[in-house]
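Taking it in order: structure first as structure tokens, then the write-up.
Per chain, numbering begins at 1; letters A, B, ... match sequence-line order.
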Amino acid sequence: MAGETRVSENGGLAAGEPRVGVYVCHCGLNIGGTVDCEAVALHASKLENVVYAEHQLYTCSEPGQEKIKRDIAEHNLNRIVVAACSPRMHEPTFRSCIQAAGLNQYLLEMANIREHCSWVHLHDKKEATEKAKDLVRMSVARARLLEAQEEVDIPVIQKALVIGGGVAGIQAALDLADSGYEVMLVEKEPSIGGRMAQIDKTFPTMDCSICILAPKMAEAGRHPRIKLMSLTEVTNISGYVGNFSVTVRHRARYVTSDCSACGECSEVCPQFAPNEFDIGLATRNAIYLPFAQAVPATYRIDMDLCLNRGGVRVCEKCVEACERKCIDFNDRETEESFEVGTIVVATGVDVFDAREIPQYQYGRAANVITSLEFERMINAGGPTGGNLIRPLDHQVPKSVAFLQCIGSRSSKTNPYCSNVCCMNTIKDSLLIKEHWPDTQITVFYIDIRAFGKGFEDLFQRAKMAGVQFIHGLPGEIIPLKNGNLRLVGESTLLSKLYDIEVELAILSVGLKPSTGSDLVRRFLTLSLTSGGFFMVAHPKLRPVDTSTRGVFLAGCAEGPKDIKDSVTQASAAAARANIIMRRGKVTVEAITARVDAGACTGCGACIKVCPYQAIYLDENKKAVVVEAACTGCGTCGAECQFSAITMRHFTDEQILAQIDAFTEYESDKKILAFNCNWCSYAGADFAGVSRMQYPTEVRIIRTMCSGRVSLRFVERAFARGVAMVLISGCHIGDCHYIDANTHTEKRFRRLRKIMEQNGLDPERLQLVWVSAAEGQRFQEKIAAMQSKLKTISQEEIKRGMKVFVEREKKTEQRRQKREGTNGFSTPDRKTKIPLVEAGRSR
Amino acid sequence: MAKALDLYDKEEFYRCLQCAICTGSCPTAQVVDGFNPREIILRYMLYGEQEEVLADEKLWCCTTCHACQERCPHEITISGLLTHIMNLAARRGNLPRPLKENIKLMAETGWSVRATSHSDRIREQLGLKPLKRPDAAEIRSILCEAGLEEILDL
């Protein structure tokens, strides 16, 4: 029964020897209903170095934790193994528990006998119990080799960089500056404001966009702690959390900051070009202010347009007009470098180019415009003074059609929903109705997504105002001679064709990542989602963090979103950055790589595979790990041919000990799986939580990244007679360590080739990418591997053992030879190969 | 019918948004009331109404112009599916009479439009050479090879 304890007094352990305590949790019936926890505890009690083992109803409960604390004192335990749920669930709980009892938190090991055992083998109690024994034995083997680790703190520079001066960037900069930090706000355009500055009204409240944005822009412009850098682009970022080195390039403005924005210069300038801010619907001069509320309110000269380009002074009109003498033709592009502790990326979006869909005639029929062009037109400060007119004849249209999802939700263009276009169109239709109530408005849509607060109300208001919504996009727009447009399509709700003539068609264009964002991505080694937007560390629980520590996302750079969500995310990003800077230091989890300088040959293989450029060669040609930049993925450790890299808390010895413990019984009938912490281990957890049943043959070893899986581990498994090995990680492109899993794939291919060359069945080694949401994929893979398992002969397994034992021996000989010639010896790195008979039964 | 599901990945059709660009682009839909490629996908692939679709003679109005497929935002093989459905329908005996006669004529004469003594006369009046009769036997064997023999009494 649960609650009974079973003590094994393993006397005679020398001082300093590991004294392991094992706690097998019933988790009520979650584990106890399937696994014989008492038998597991009994099995554990007989293992080497285990001095105490018991089974409890709920180990995570207060009494359960108290018991562990008492036992640590009473039995002088110095390693704790908890066989319970996933370490992703309760590792922090038990770490703090043993810490409270005076043990280093890294001396804890968990065996996952719930998600990876009882929940996925509900109907095979016998095999589930055997599996639980194996998992506990593997954990004890690892626990014996665990070492206390000290986490180090690194100082953080109390300054932040915000890339992008749209509403998200402005908000993040203001929040950070108001919290007391110096902020560098970088904007590539001549003014901050971004897309929000171009929009007329905001939904669902119909607030004037620039009226609510301009005060924020002004505040950012005059804030004593914000250094606003417009016409500036980031050209390089290096470093790591708390200590980023940034280089920016300031483009020449040719107008000094003394400019009072009086506009006299612009009036005399003879040169004209389409105004970018008005999407070419109006003109500007060579010397211009992008828009009235621009911040900084400083004119600039477009040198490609100015008559004085190329340094030849032929026109002095603006110089003569400027009373304050602000025009400086000698202004040059400059570079500036500075250091920051945290970075907020708010690089925003561009709009979809509607010319990519030729049947809608954008760019050919004058009266087909985009939603962004409409925003400029309907804006009182825009090129038409707020009048909606047909570009062809400048008449106010009596009928207008909106076409939704232009460039969105399509595998040909942007696969995602752009999130804001539905509500934007509804808002736009109401704006037209407000000014010209008799306009006939038809919205052609696929789905109306009015999901936010107040959105549905606005949708209803539009319908009340007489806006007609037709489900079904036109097949094409046919331009007519009088400039009108014929829209032909099907109204699916009526299963009837329509053939409608309108005077103006507005294409509701989708959003796509800003073109400049790719450079920032490379500097900061950020990942992208399938749509090309930046990926967050966790879509639910870390929605503004990136996988690069100290770098946060805000606004549409992370994905299309409306103003409210952009501002919310910006404040969240600022708050997250604030946490790091307020502490003044960051703690690095003690799982980082350590280089044994004696064994390092300076070959540089680790440097090549490190996704974070955290390793460099010092003047003695020895690899050095920058602790703060290292994330502990272990790819370097797996790549090092000379065992010179130790991955703390996931050492070769610990993992090999797990493999050796696993292979003590019947390994010829089993599958050994290596799952990465972030995706595939979580995916296997998900299979457990969802009670997806799969064969009992598999045992999982957790590594931080699949890139940690050294060929040595797999070779050891085969040398010890394991039937099949599975390596499993995040999908390519989703790796939590940027691209470390590409090395996994390479190693996998290499070993398969070796197996082939040695006449072994390469199918015994498998690779699968499993995301945290793909429990089913993991389940299917294990089922498929079990079918394969049945076809593997004992001869094949024995042949494999022979091949890989030989290889291990050769490697060992090479190592000894090298050490002999180098004069180094590393006695702690033992590679003893305990030979066991394949198929030893229990 | 099962074959259609084998040949065409059902998942491809799950991507359908019901945006109706296919029907809006279909020249046949403009003139044949009730011919609707969007509905055919919906009924045949997603609602499981294969029998009803296969029995519908309007299927044969598709000209396989591919406009639907070209404009589909998800590049769903709409005309491919329609062609396949037509093949299956033919095997079920859903082959409109005029089409049947047309094929028979092809097998007999090698032409899908009958050359009559009237047409010969007109050619003569216009000073054109008389038409050379094609090798009907060869065309018949091609048609048989294509499997039309199993459907029609050629």
Side-chain angles (χ1 to χ4, degrees), chain A residues 352 354 356-361 401-418 421-422 442-449 469-478 485-500 502 505 507-510 530-531, chain B residues 8-47 49 52-53 55-59 61-82:
Chain A
F352 173 74
E356 283 182 40
I357 305 179
Q359 67 263 32
Y360 290 150
Q361 310 293 343
F402 285 93
L403 276 67
Q404 295 305 108
C405 297
I406 303 301
S408 305
R409 305 180 72 193
S410 159
S411 41
K412 286 177 180 168
T413 53
N414 299 329
Y416 47 84
C417 165
S418 289
C421 335
C422 283
T442 318
V443 177
F444 297 94
Y445 70 101
I446 305 176
D447 296 294
I448 290 290
R449 296 187 164 168
F469 288 84
I470 293 182
H471 185 283
L473 293 185
E476 61 190 308
I477 292 179
I478 304 160
L485 305 156
R486 235 184 94 202
L487 275 53
V488 188
E490 185 211 356
S491 163
T492 68
L493 300 180
L494 300 173
S495 285
K496 253 189 188 165
L497 295 183
Y498 56 76
D499 188 339
I500 296 173
V502 296
L507 304 181
S508 198
V509 285
S530 58
Chain B
Y8 289 92
D9 186 3
K10 214 173 168 188
E11 283 189 13
E12 182 186 336
F13 293 89
Y14 285 137
R15 290 200 311 235
C16 176
L17 300 166
Q18 298 294 318
C19 71
I21 287 176
C22 47
T23 308
S25 304
C26 177
T28 304
Q30 294 283 329
V31 290
V32 179
D33 191 28
F35 180 80
N36 189 329
R38 177 189 61 81
E39 259 186 22
I40 292 173
I41 293 174
L42 190 65
R43 291 171 60 201
Y44 192 89
M45 292 309 269
L46 305 172
Y47 286 178
E49 295 180 11
E52 292 87 334
V53 173
D56 187 352
E57 218 175 63
K58 287 208 186 86
L59 275 180
C61 296
C62 171
T63 63
T64 60
C65 74
H66 282 70
C68 50
Q69 195 163 316
E70 283 301 325
R71 288 186 181 158
C72 173
H74 278 299
E75 299 171 281
I76 299 172
T77 45
I78 308 168
S79 351
L81 177 75
L82 278 164

Check your understanding: Is there a donor-acceptor pair closer than 3.5 Å between any side-chain N or O of A/His471 and the backbone N or O of B/Ala20?
Key -> no
**Study point:** Any donor-acceptor pair under 3.5 Å from A/Arg409 side chain to B/Leu17 backbone
**Key:** no
Review point. Among A/Pro415, A/Pro474, A/Pro358, A/Gly475, which has the most heavy-atom pairs under 4.5 Å with chain B?
Key: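 Heavy-atom pairs under 4.5 Å are most numerous for A/Gly475.
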Exercise for review: Just give me the residue among A/Glu476, A/Lys412, A/Gln404 that pairs up with chain B most often, heavy atom to heavy atom, under 4.5 Å.
Suggested key: A/Lys412
Check your understanding: Who wins among B/Ser25, B/Cys68, B/Gly34, B/Ala67 for the most heavy-atom pairs under 4.5 Å with chain A?
Key ->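 Counting heavy-atom pairs under 4.5 Å, the top option is B/Ser25.
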Rounded to the nearest 0.5 Å, what's the gap from [atom1] on [X] to [atom2] on [Y]? Could you check?
{"X": "A/Phe444", "Y": "B/Ile21", "atom1": "CZ", "atom2": "CD1", "answer": "12.0 Å"}
{"X": "B/Arg15", "Y": "A/Ser410", "atom1": "CZ", "atom2": "OG", "answer": "9.5 Å"}
{"X": "A/Leu473", "Y": "B/Cys19", "atom1": "CG", "atom2": "SG", "answer": "5.5 Å"}
{"X": "A/Leu493", "Y": "B/Gln18", "atom1": "CG", "atom2": "CD", "answer": "10.5 Å"}
{"X": "B/His74", "Y": "A/Ser411", "atom1": "NE2", "atom2": "OG", "answer": "5.0 Å"}
{"X": "B/Arg71", "Y": "A/Gln359", "atom1": "CZ", "atom2": "CD", "answer": "4.5 Å"}

Practice item. For B/Asn36, check side-chain contact (heavy atoms from CB on, under 4.5 Å) against everything at least two apart and list the hits. Key: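 Counting only residues at least two positions away or on another chain, B/Asn36 forms a side-chain contact (heavy atoms from CB on, under 4.5 Å) with A/Glu490, B/Thr23, B/Arg38, B/Glu39.
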Practice item. Would you please name every residue forming a side-chain contact (heavy atoms from CB on, under 4.5 Å) with B/Thr77, sequence neighbours left out? Key: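 B/Thr77 satisfies side-chain contact (heavy atoms from CB on, under 4.5 Å) with B/Tyr8, B/Glu12, B/Phe13, B/Gln69 once adjacent residues are dropped.
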Practice item. Measure A/Leu497 against the heavy atoms of chain B and call it side chain, backbone, both or neither at under 4.5 Å. Key: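 The side chain, not the backbone.
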Review point. Above 12 or not: heavy atoms from other molecules or residues under 6.0 Å from CD of A/Glu356?
Key: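 Atom CD in A/Glu356 is packed in, count exceeds 12.
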